[in-house]
Amino acid sequence: MRALLLSLAVAAPAFLTSCTNNVPSAPVDTAAPAPTYPTGSAAVNNERLIAADREPGSWLATGLNYHEDRFSRLDQVNDANVKQLGLAWYADIDTERGQESTPIIVDGVMYLTTAWSMVKAYDIRSGAKLWEYDPNVAKAKAADACCDVVNRGVAAWNGKIYLGALDGRLIALDGKTGKEVWSVQTTDTNLPYTITGVPRIVKGKVIIGNGGAEYRVRGYVTAYDAETGKEAWRWWTVPGDPSKPYEQPELAEAAKGWKGDNYWKIGGGGTAWDGMAYDPELDTIYVGTGNGNPWNQAIRSPGGGDNLFLSSIVALDPNTGKYKWHYQTTPGETWDYTAVQPLIIADLNYPEGKRRVVMQAPKNGFFYVLDAKTGELLSAEKFAPLTWATHVDMKTGRPVEIPEARYEITGKAVIVSPGALGMHNWHPMAFSPETGLVYIPVQVSAAPYVGPKEFKLNLQGTNTGTDFSGGQALCQQPGARCGNLETYILAWDPIAGKEKWRIKNEVYGSSGILATSGNLIFSGNHKGEFNAYNATTGEKLWTAPTQARVVAAPSTFLVDGQQQVAILVGARGLPNDQKRTNAISANNSRILVFKPGGAASLPAEMPAATAAARVKIDPPLLTANNETVFAGEQAYAANCASCHGPTAVPGAGSIAPDLRYSGLLPIRNGWNPTVRDGDRATRGMPGFAATLSQETTDAILAYVIKRANDEKAAQEAAAKPN
Ligand code: CA
């Protein structure tokens, strides 16, 4: 632990409640009758959340329980009989963006979110849609979303369902009807803040963070009264304008590790956009914080410094928002190495005795185990082949960096692993107290980093302070490893700090994971499958087609005494050789629910009538990764915007066509002759082969495809009857 040396920072003595059944490894009596509430009551309270593992008919919160281990005590479906699982029902989702939410199941209703922050509620017995809610996020907001217009789910509390919308609103809905009860704007709408994360609810307070640290924002988390939407507290992750009083005393201390004025003028970053977990015994909420804004530390904080509380796991008092302790995973972050990744609280049985711990596998590639009460670092081992540091010094708790990795200090381009997408991103991991293993969706990447020739604040797009195309030449050298290299499910022993085994994905891409007491783990993939594996050995035991890429994590629950498993599918593009089968979603987005003996099947092909109905704008699906889109955005801004318009939208002064409608978008073999070789030079479009690499022009294509999809979504929304 490296708690700040402040009197107020001394952790309060653990507040031991009388609730003793929240011990994460406690066995559950699945035969015990679940509390019954009328359908749609959404009657979640603190007692139910503390005992979430003992409610076999529910999946009460995004990570299942307060400690977010995503380990279901259900064992009716198990390693001996999982082959009997079949499709029970499915429902088409009417968007074709990434679907990232874990369905929650409360009082007979399944609640999930889709892209564009829409909420759907289904009867868990029949699959009938009960209601849907669209917050009507302005489609222009897509330009502020680094990584698609996604949403990772809702929370339930005392009759209401809570949604964080992309445009920064926190919205409470009636659990029975989907009607809005209240809505508050949690962000400054003049700034490119977004929300994609799940609200967490602790004892009547809704806690929500936000994203935007690729742009120009300052991170914070806020707690609101669940009944009224009134703000209860806010905790800022990084210091602001030093001429004003610090909002929290620990920020004055943190500010000593920040240099210059850029950070607070640009925002500084540290956005808490995903991972949180709550320990009711210690009455502590743990929050993961994001990368620096801009990434490049020499621009953000010239002269260095730790830049607290970037890339940190922070322990807060959920009643007041008061700081308890922190652990910073990547001091002086400069590679987009967030520590917002999912957090799991667990009891680990060390040879010396049991420890209550917080675990995280953040982007930087080290797996951290911290004492939940004190923040003491118990271990930090590499879970993936990172190259920016050799190890973590257990005396200081600090990573021992490889000096060449700091491109902003050396001034030289360097390939670093992982790249900005990290060794593990938001895709949920799971922990089984029965196998003692953490199951991590690992993604291995490497990317060139180099600072820009000159940094100019971009008010309309990303501010990473790096030059994405500048290091590409390094990747062309023989033997260079760049890009997205491989993905696998890693079974990790958190006590030994070692890999047990891995399941390699045939197609690159990460998907969330569920572990169960049936000695199973469930996960989708990007080949178009939903699979079950033996949780002890990794042996593949069952598979079902999804007709879509899968990024979300599954949930499981009993329906009338029968165990079922649900997974939301749909992500960028379609699996190879997969045809469209969903009339209202080009990437076959759906909720799929499986049960023993389920005999439903997915449709074979899209109805012909839909195939004939063409919308005016018809871009291909975006298949490029976020790094490529970022690179394309930067290169577009520098090379294309002056003629084709900023953000690929022609303005009054634009002299060239709207590229979002270009017939060349689906044809890389047509794009490059025009963009690189000057095939249309006589019509005013010069070739850029002399100044831009093919990687760069491909990245620009990816960015334009993204912007075309943004526009397509906007048009479809406008055409939709209210
Ligand atoms: Ca980031």
Side-chain angles (χ1 to χ4, degrees), residues 27-45 47-49 51-65 70-92 101-112 119-132 153-154 156 159 161 175-178 514-520 522 530 532 541-542 544 546 552-569 590-602:
V28 64
D29 177 8
T30 55
T36 47
Y37 301 88
T39 300
S41 315
V44 177
N45 55 32
E47 290 66 39
R48 282 184 83 181
L49 280 171
D53 293 338
R54 293 166 178 261
E55 272 199 40
S58 308
W59 183 282
L60 285 181
T62 188
L64 173 61
N65 41 39
R70 293 177 182 266
F71 174 76
S72 167
R73 270 69 181 167
L74 298 182
D75 61 2
Q76 196 184 88
V77 174
N78 55 49
D79 52 359
N81 64 19
V82 65
K83 284 190 168 61
Q84 295 166 15
L85 276 188
L87 192 63
W89 59 270
Y90 68 87
D92 291 351
S101 76
T102 304
I104 65 167
I105 287 82
V106 187
D107 301 333
V109 180
M110 171 189 289
Y111 303 94
L112 58 84
V119 186
K120 317 273 185 197
Y122 302 92
D123 181 302
I124 198 61
R125 282 198 176 86
S126 65
K129 196 191 287 171
L130 300 174
W131 54 260
E132 57 192 329
V154 288
I161 299 296
K176 222 169 243 158
T177 64
L514 157 72
T516 78
S517 194
N519 192 32
L520 294 172
F522 287 89
F530 185 42
L541 299 176
W542 171 79
T546 57
S555 50
T556 188
F557 41 87
L558 295 186
V559 179
D560 295 329
Q562 183 186 48
Q563 187 179 354
Q564 304 193 353
V565 187
I567 178 81
L568 183 60
V569 306
R590 287 189 177 100
I591 176 70
L592 310 180
V593 180
F594 297 87
K595 67 177 182 183
S601 55
L602 292 172

Subject >> Tyr122 versus Gly127, closest heavy-atom pair with distance >> reply: CD2-O, 3.6 Å
Subject >> Which atom of Ser601 lies closest to which atom of Tyr90, heavy atoms considered >> reply: O-CE2, 3.5 Å
Subject >> Shortest non-hydrogen separation from Pro103 to Ile591 and the atoms involved >> reply: CG-CD1, 3.7 Å
Original post:
Listed by chain and number, what are the side-chain contact (heavy atoms from CB on, under 4.5 Å) partners of Asn78, not counting sequence neighbours?
Top reply: Ala80, Asn81
**OP:** Kindly compute the distance separating CG (Leu514) from CH2 (Trp59), expressed to the nearest 0.5 Å.
**Re:** 5.0 Å
Original post:
How long is the gap from CG on Leu87 to OG1 on Thr546, to the nearest 0.5 Å?
Top reply: 11.0 Å
Original post:
Atom CD in Glu132, atom CG in Leu112: separation rounded to 0.5 Å?
Top reply: 10.5 Å
Original post:
Between Val109 and Ala121, what is the shortest heavy-atom contact and its length?
Top reply: CG1-CB, 3.9 Å
**OP:** Over all heavy atoms of both residues, which pair between Ala566 and Met110 is shortest? Give the atoms and the distance, please.
**Re:** CB-CE, 3.6 Å
Original post:
Lys83: what forms a side-chain hydrogen bond (donor to acceptor under 3.5 Å, both in side chains) with it, not counting sequence neighbours?
Top reply: none
**OP:** May I have the step-by-step check of side chain to side chain contact (heavy atoms under 4.5 Å, CB included) for Arg73 and Phe71, ending in yes or no?
**Re:** CA-CA 7 Å; Arg73 270 69 181 167; Phe71 174 76; 3.1 Å; yes
**OP:** Measure the spacing between CZ of Arg590 and CG of Leu568 and express it to the nearest 0.5 Å.
**Re:** 11.5 Å
Original post:
Closest approach of Ile105 and Gly57, non-hydrogen atoms and distance?
Top reply: CG2-O, 3.5 Å
Original post:
Which is it for Arg70 and Thr102 under the side-chain hydrogen bond (donor to acceptor under 3.5 Å, both in side chains) test, yes or no, and what are the steps along the way?
Top reply: CA-CA 10 Å; Arg70 293 177 182 266; Thr102 304; 2.9 Å; yes
Subject >> Check: Val106 main-chain N/O paired with Tyr37 side-chain donor or acceptor under 3.5 Å >> reply: no
Subject >> Test side-chain contact (heavy atoms from CB on, under 4.5 Å) applied to Ala544 - qualifying residues, sequence neighbours left out >> reply: Trp542, Phe594
Original post:
Run the salt bridge (charged side-chain N to carboxylate O under 4.0 Å, His left out) check on Asp107 and Arg48 step by step: do they pass?
Top reply: CA-CA 12 Å; Asp107 301 333; Arg48 282 184 83 181; 2.9 Å; yes
**OP:** Hey, could you give me the OG/CD1 distance between Ser555 and Ile567, rounded to the nearest 0.5 Å?
**Re:** 8.0 Å
Subject >> Side chain proximity check, Val77 to Pro596, heavy atoms < 4.5 angstrom >> reply: yes
Original post:
Among Ile124, Val565, Ile104, which residue meets the side chain to side chain contact (heavy atoms under 4.5 Å, CB included) test with Phe557?
Top reply: Ile124
Original post:
Side chain of Ser41, backbone of Ala43: donor and acceptor closer than 3.5 Å?
Top reply: no
Original post:
If only atom types and distance count, is the side chain of Thr516 paired as donor or acceptor with the main-chain N or O of Gly518 below 3.5 Å?
Top reply: yes
Original post:
Looking only at atom types and distance, does a side-chain atom of Gln563 sit under 3.5 Å from a main-chain N or O of Thr556, one as donor and one as acceptor?
Top reply: no
**OP:** Apply side chain to side chain contact (heavy atoms under 4.5 Å, CB included) to the pair Leu60 and Glu55, showing each step before the final yes or no.
**Re:** CA-CA 8 Å; Leu60 285 181; Glu55 272 199 40; 3.7 Å; yes
**OP:** Mind checking the CG-CZ spacing from Leu85 to Phe522? Nearest 0.5 Å is all I need.
**Re:** 5.5 Å
